[in-house]
S.K.: 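Could you have a look at this structure, given as C-alpha cells, before my questions?
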Amino acid sequence: MKLSKYLLPVLKETPSEAEIISHTLMLRSGMISQSSSGIYSWLPIGLRVLKKIENIVRDEQNNAGVNEILMPTIQPADIWNESGRYEDYGKEMLRINDRHDRQMLYGPTNEEQVTDIFRRSIKSYKELPQLLYHIQWKFRDELRPRFGVMRGREFLMKDAYSFDIDEMKSEDSYNRFFICYLKTFARMGLKAIPMAADTGPIGGDLSHEFVILSKTGESDIYFDQRILQEDESINEIDYEGDLKKPVEKFKSYYSVSDDKYNESEFNKNVDKQNQMQSRGIEVGHIFSFGTKYSTSMKANVLDFDGKEKSVYMGSYGIGISRLVGAIIETSHDEKGIIWPDVVAPFLFGIINLSPKDEIVSSNAEKIYNYISDKYETIYDDKKDNAGVKFSRMDLIGIPHQIIIGNKSKSDNEIEYKNRRTGNSEFINIDKIDEFIKRFPSYSAI
RNA sequence: CGGGGCGUAGCGCAGUCUGGUAGCGCAUCUGGUUUGGGACCAGAGGGUCGCAAGUUCGAAUCUUGCCGCCCCGACCA
C-alpha cells in the first residue's frame with residue numbers, strides 16, 4: 001500500500017479527550033475517529049488491526065471445534081421477555097420501536113437469541129454438544145463510556161455458547177473454551193491470566209475472567225507467578241486429549257482481582273517469592289450458567305430415556321475491539337505503538353527518504369514490489385521531511401522498517417530497523433532475498 | 001445517576017472576569033530553498049465563537065434554557 005493513496009490522518013498533538021495511552025495513540029495514529037461518546041469509526045489502519053485480532057480469535061474458535069454463526073444486532077423484545085431480562089436489564093439496553101411500534105432492542109448480548117436458534121433446531125441429546133460462536137457488534141448504553149475502545153458503548157465481541165445434556169458434559173465444554181482462550185491470547189503475544197470471577201447478574205457458579213497484565217490496567221490483580229510458566233506450554237494441549245487436567249492445574253493457582261483479594265488467603269496459598277501483584281485488563285470472560293435460559297425459554301431435548309431435559313448452557317466472550325486498546329497498553333513506548341507482528345496493520349514499512357530522486361525512488365519502488373509480494377507492506381512515498389516520516393512510522397507502530405535514501409544509492413544498501421528494539425542494520429540490496437527469508441509469513445490467517 | 005470541567009478554524013489553545021464585531025501555534029494551499037529524526041522564507045485560504053431566546057446602540061464576552069464532550073465516583077467485555 002502506498003501511503004500517498006491511503007487515509008492515515010495522524011495527529012501531532014494529543015487530542016484533549018483522550019486520557020489513557022491507548023486511546024491517545026489510537027487517535028494520534030489515525031486508527032479511529034470518534035463519532036459520539038463511546039462510539040467510533042474505524043479508519044483503514046485501525047480496521048486492519050481489528051480484523052487481525054478478529055481473525056486470530058476466529059481461527060482459534062474453529063480450531064476448538066466451535067461453529068461460526070452470525071446473529072443480528074437488532075433483536076425482538078419478545079425473547080427477552082421470555083427470559084425475564086427485558087425488565088431486568090435496565091437502561092444499559094438500547095430500546096427501539098420499529099414502524100409497527102413493535103418493541104425491539106440493540107443487542108447487549110445474545111443468550112436469548114442463540115437459545116431461540118437452538119430450540120428451533122435441536123431436539124435430541126444425540127445432537128449434543130452444540131458449540132456456537134459469533135463475532136458481532138454490540139451496544140451497551142454505559143453510564144460513562146471512557147478509555148476509547150476499551151470501554152465504548154458500541155463494541156465488537158466474540159460470543160460463544162455451549163449446549164450440553166448435563167452439568168458434567170457442560171464442564172467439558174467449559175474446559176474446552178478455557179484452553180481455547182489461553183491459546184488465543186498467547187498467540188497475540190499476551191500474558192493472560194485466568195481468574196475466578198463473580199458470575200454477575202447473569203447467574204451461575206462456574207466462571208473465569210481472563211486478564212492480561214498491563215501496567216496501565218483498570219484493576220489490581222494478585223496471583224501466583226507460577227501460573228505464567230504454565231502459560232508457556234499451552235500450545236501443546238490437544239483438544240482431543242484430556243482437558244480437565246490442564247484446566248485444573250491452572251485453577252489450582254491463586255489469582256484474584258482486588259475486589260476478591262484477601263491478604264491472609266494470599267499468604268496462605270502462595271509462597272512469598274511467588275506472590276505477584278500487577279494491574280490487569282479483562283479481555284475475556286467464560287461462564288457456565290446451567291439451565292437458566294433453557295428452562296425459561298423451553299430449550300429442551302429428549303434424553304436417552306425419552307424424557308425432556310433442559311440443556312446446560314455456558315457463554316464465552318472475548319472483547320475484540322477492547323483487545324486493540326489492551327494490546328497497545330501492553331506494547332508502546334514514548335514514540336508510539338509497537339505492534340506485535342501478528343496483529344500489526346502492516347508487517348513492513350518502507351520509507352523513501354528521497355522521493356524526488358529518481359534513482360532512489362525506482363530502487364524503493366522495486367523493493368516495495370518485492371516485499372509487498374510476500375508481506376503486508378506500507379510504503380511511505382510521500383514528499384515529507386525525513387523526520388516526519390520516521391516519527392510517523394514509529395507512531396503507527398510498524399514492526400519492521402526499511403529505510404531507503406541517498407546513502408542506499410551510494411552504498412547499494414538499505415537500512416533495516418526493528419521498531420521494538422530500535423536496532424538497525426544495513427543490508428546489501430543484492431542480498432535482500434536472503435534477508436526477507438528471516439520473516440515468517442502471516443498470510444495464512 | 002451524584003460531583004466537577006469544557007465547547008472559539010482540521011488539531012491544540014488564548015481572548016470571556018472588565019461588552020465595541022476574533023487571535024496564536026500546528027496543519028492546509030501557492031512559490032522558492034531544504035531533505036537520515038516532527039525544516040526555513042514569502043504569500044494565501046479557512047470561524048453565523050455548540051444551539052436558542054433574552055438584556056443592550058452593540059454579545060465569543062452578561063442572563064436563562066437546551067445540546068454535546070471530557071474527568072472523578074458507583075457499574076461493566
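In what follows, every chain begins at residue 1, and chains take the letters A, B, ... in the order their sequences are listed.
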S.K.: Once you measure the plane-to-plane angle for A:Phe348 and A:Tyr375, does it fall in the parallel (<30°), tilted (30-60°) or perpendicular (>60°) bin?
M.R.: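 Ring orientation of A:Phe348 relative to A:Tyr375: tilted.
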S.K.: Would you say the base of B:rC76 and the side-chain of A:Arg140 have a donor-acceptor pair closer than 3.5 Å?
M.R.: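 Check fails, no donor-acceptor contact within cut-off.
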S.K.: Expressed as a whole number of Å, how far does the C1' atom of B:rA60 sit from that of B:rG20?
M.R.: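 B:rA60 and B:rG20 have their C1' atoms separated by 13 Å.
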S.K.: B:rG38, B:rA77, B:rU35: which one has an atom nearest the side-chain heavy atoms of A:Ser391?
M.R.: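 Within the option list, the nearest is B:rG38.
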S.K.: According to the interplanar angle, ranging from 0 to 90°, do the rings of A:Phe118 and A:Phe163 count as parallel (below 30°), tilted (30 to 60°) or perpendicular (above 60°)?
M.R.: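 Aromatic pair A:Phe118/A:Phe163 classed parallel.
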S.K.: Base, sugar-phosphate alone, or nothing: which one does A:Thr14 contact when heavy atoms must sit under 4.0 Å apart?
M.R.: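 Since only primed, P, OP1 and OP2 atoms lie under 4.0 Å of A:Thr14, the category is sugar-phosphate.
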S.K.: Taking atom C1' in both B:rG32 and B:rC17, compute the distance separating them and give it to the nearest angstrom.
M.R.: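 Result for the C1' pair: 47 Å, nearest Å.
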S.K.: For the pair made of CG in A:Asp357 and P in B:rU34, what is the distance, rounded to whole Å?
M.R.: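 So the CG-P distance, A:Asp357 to B:rU34, works out to 14 Å.
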S.K.: When the distance from CG of A:Asp380 to P of B:rG38 is rounded to whole Å, what number comes out?
M.R.: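 Distance check: A:Asp380 CG to B:rG38 P gives 15 Å.
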S.K.: Take the angle between the ring planes of A:Phe177 and A:Tyr181 and call it parallel below 30°, perpendicular above 60°, tilted in between.
M.R.: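 Because their plane-to-plane angle is over 60°, the rings of A:Phe177 and A:Tyr181 count as perpendicular.
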S.K.: Choosing from B:rG37, B:rA77, B:rG12, which nucleotide comes nearest the side chain of A:Pro15?
M.R.: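 The nucleotide sitting nearest to the side chain is B:rG12.
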S.K.: Without decimals, in angstroms, what is the distance between A:Phe147 CZ and B:rG73 C1'?
M.R.: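 So the two atoms are 12 Å apart, to the nearest Å.
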S.K.: Taking the P atom of each, how far is B:rC11 from B:rC57, in whole Å?
M.R.: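 Approximately 37 Å lies between the P atom of B:rC11 and that of B:rC57.
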S.K.: Please name the pair of heavy atoms, one in A:Asp164 and one in A:Ser170, separated by the smallest distance, quoted to 0.1 Å.
M.R.: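 Smallest heavy-atom distance, with atoms named: OD2-CA, 3.4 Å.
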S.K.: Determine which nucleotide pairs with B:rU30, using a 3.5 Å limit on both distances of a Watson-Crick or G-U wobble pair.
M.R.: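 With both distances under 3.5 Å, B:rU30 matches B:rA42.
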S.K.: With heavy atoms under 4.0 Å as the rule, sort A:Ile403 into base, sugar-phosphate or nothing.
M.R.: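 Touches a base.
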S.K.: Can you check the distance between B:rC6 and B:rG25, where both ends of the measurement are the P atom (answer in whole Å)?
M.R.: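 After rounding to an integer number of Å, I get 25 Å for this pair.
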S.K.: Classify A:Glu142 by what it touches in the nucleic acid, base, sugar-phosphate, or nothing, heavy-atom distance under 4.0 Å.
M.R.: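 Base contact.
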S.K.: Is there a donor-acceptor pair closer than 3.5 Å between any side-chain N or O of A:Ser257 and the backbone N or O of A:Ile221?
M.R.: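 Answer holds: no.
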S.K.: What pair of heavy atoms forms the shortest contact from A:Thr291 to A:Val311, and how long is it?
M.R.: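 Closest heavy-atom pair between A:Thr291 and A:Val311: CG2-O, 3.5 Å.
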S.K.: When you measure from the side chain of A:Glu92, which nucleotide among B:rC75, B:rG38, B:rC1 comes out closest?
M.R.: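 Of the candidates, B:rC75 comes closest.
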S.K.: Going by purine N1 to pyrimidine N3 plus the second Watson-Crick contact, or the G-U wobble pair, all under 3.5 Å, which nucleotide sits opposite B:rA59?
M.R.: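 Looking at the geometry, B:rA59 pairs with no nucleotide.
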S.K.: Select base, sugar-phosphate, or nothing to describe what A:Glu209 touches, counting heavy atoms under 4.0 Å on all strands.
M.R.: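 Since no nucleic acid heavy atom lies under 4.0 Å of A:Glu209, the category is nothing.
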S.K.: Return whichever of A:Arg28 or A:Glu13 has its heavy-atom-nearest nucleotide of RNA chain B closer to the 5' end.
M.R.: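 Its nearest nucleotide being more 5', the pick is A:Glu13.
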S.K.: Report the base-pairing partner of B:rG23 (Watson-Crick or G-U wobble, both distances below 3.5 angstrom), or none.
M.R.: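 Partner of B:rG23: B:rC13.
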S.K.: If the threshold is 4.0 Å, N to carboxylate O, is there a salt bridge linking A:Arg322 and A:Glu329?
M.R.: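 The answer is no: the pair does not qualify as a salt bridge.
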S.K.: Measure the distance from CG on A:Leu27 to P on B:rC69 and round it to the nearest whole Å.
M.R.: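 Those two atoms, CG and P, are 15 Å apart.
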S.K.: Once hydrogens and angles are ignored, does a donor-acceptor distance under 3.5 Å link the base of B:rG3 to the side chain of A:Arg144?
M.R.: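 Check fails, no donor-acceptor contact within cut-off.
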S.K.: Taking the inter-plane angle between the rings of A:His400 and A:Tyr416 on a 0 to 90° scale, is it parallel (under 30°), tilted (30 to 60°) or perpendicular (over 60°)?
M.R.: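 Rings of A:His400 and A:Tyr416: parallel, as their planes differ by under 30°.
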S.K.: From CD1 of A:Ile212 over to P of B:rA77, roughly how many Å is that when rounded to an integer?
M.R.: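 Distance check: A:Ile212 CD1 to B:rA77 P gives 16 Å.
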S.K.: From C-beta outward on A:Arg146, which listed nucleotide comes closest to its side chain: B:rG37, B:rG73, B:rA27?
M.R.: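 For A:Arg146, the side-chain atoms sit closest to B:rG73.
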S.K.: Once you apply a heavy-atom cut-off of 4.0 Å, does A:Gly422 come out as touching a base, just sugar-phosphate, or nothing?
M.R.: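 Nothing, no nucleic acid heavy atom in range.
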S.K.: Does the side chain of A:Met195 reach to within under 4.5 Å of the side chain of A:Glu282, using non-hydrogen atoms?
M.R.: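 A side-chain contact is absent here, since even the closest heavy-atom pair is not under 4.5 Å.
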S.K.: For the P atoms, the ones on B:rC70 and on B:rG12, what distance do you get once it is rounded to whole angstrom?
M.R.: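 The answer is 13 Å between these two P atoms.
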S.K.: Only pairs with both distances under 3.5 Å count, Watson-Crick or wobble alike; so what is the partner of B:rC1 in this structure?
M.R.: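 Base partner found: B:rG73.
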S.K.: B:rG38 P sits how many Å from A:Lys382 NZ, rounded?
M.R.: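 Rounding to the nearest Å, NZ of A:Lys382 and P of B:rG38 are 18 Å apart.
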S.K.: Hey, is the side chain of A:Asp384 pairing donor to acceptor with the base of B:rG38 inside 3.5 Å?
M.R.: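 Result: no qualifying N/O pair found.
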S.K.: Taking B:rG65 as the reference, what is the distance to B:rA42 when you measure between their C1' atoms (whole Å, please)?
M.R.: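 Those two atoms are separated by 49 Å.
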S.K.: Just how far, in rounded Å, is C1' of B:rA77 from OH of A:Tyr89?
M.R.: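 From A:Tyr89 OH to B:rA77 C1': 10 Å.
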S.K.: Examine the base of B:rU35 for any acceptor or donor lying under 3.5 Å from a partner atom in the side chain of A:Lys383, and report the outcome as yes or no.
M.R.: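 Side chain to base: no pair below 3.5 Å.
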S.K.: Going by modelled atom types, is there a donor-acceptor pair between the base of B:rG37 and the side chain of A:Lys417 at under 3.5 Å?
M.R.: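 Pair found.
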S.K.: Tell me what A:Lys356 touches on the nucleic acid: a base, only sugar-phosphate, or nothing, going by heavy atoms under 4.0 Å.
M.R.: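 A:Lys356: base contact, heavy atoms under 4.0 Å.
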S.K.: With respect to the side chain of A:Leu143, which nucleotide from B:rC1, B:rC13, B:rA27 is positioned closest?
M.R.: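 Minimum distance to the A:Leu143 side chain belongs to B:rC1.
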S.K.: From the set B:rG38, B:rG37, B:rC13, return the single nucleotide nearest to any side-chain atom of A:Val388.
M.R.: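 Closest nucleotide to the A:Val388 side chain: B:rG38.
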S.K.: Report which part of the nucleic acid A:Leu11 touches: base, sugar-phosphate, or nothing (heavy-atom distance under 4.0 Å, all strands).
M.R.: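 Here A:Leu11 touches no strand at all.
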S.K.: Considering every strand and a 4.0 Å limit on heavy-atom distances, what is the contact class for A:Gly405: base, sugar-phosphate, or nothing?
M.R.: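 Base: the residue A:Gly405, judged by heavy atoms under 4.0 Å, touches a nucleobase.
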S.K.: On RNA chain B, nearest-nucleotide positions of A:Val10 versus A:Met150: which is more 5'?
M.R.: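 It is A:Val10, whose closest nucleotide lies nearer the 5' terminus.
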S.K.: Donor-acceptor pair under 3.5 Å: do we get one between A:Arg151's side chain and the base of B:rC75?
M.R.: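 Result: at least one qualifying N/O pair found.
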S.K.: Name the closest nucleotide to the A:Gln34 side chain, picking from B:rC69, B:rC13, B:rG73.
M.R.: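 It is B:rC69.
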S.K.: Taking 5.5 Å and 30° as the limits, would you call A:Phe390 and the base of B:rG38 a stacked pair?
M.R.: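 Check failed, A:Phe390 does not stack on base of B:rG38.
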S.K.: Could you give the CD-to-C1' distance, from A:Glu17 to B:rG10, as a whole number of Å?
M.R.: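 Spelled out: CD on A:Glu17 to C1' on B:rG10 is 13 Å.
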S.K.: Verify the contact: side-chain N or O of A:Ser16 to OP1 or OP2 of B:rC6, cut-off strictly under 4.0 Å; return yes or no.
M.R.: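 No, no such contact exists.
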S.K.: Between A:Ser37 and B:rC70, is there a contact of a side-chain N or O with OP1 or OP2 at under 4.0 Å?
M.R.: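 It does, given that an N or O in the side chain of A:Ser37 lies less than 4.0 Å from OP1 or OP2 of B:rC70.
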S.K.: Rounding to the closest angstrom, what is the interatomic distance between B:rG38 and B:rU30 at atom C1'?
M.R.: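 Roughly 23 Å separates the two C1' atoms.
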S.K.: Taking atom P in both B:rA52 and B:rG68, compute the distance separating them and give it to the nearest angstrom.
M.R.: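 To the nearest whole Å, 16 Å.
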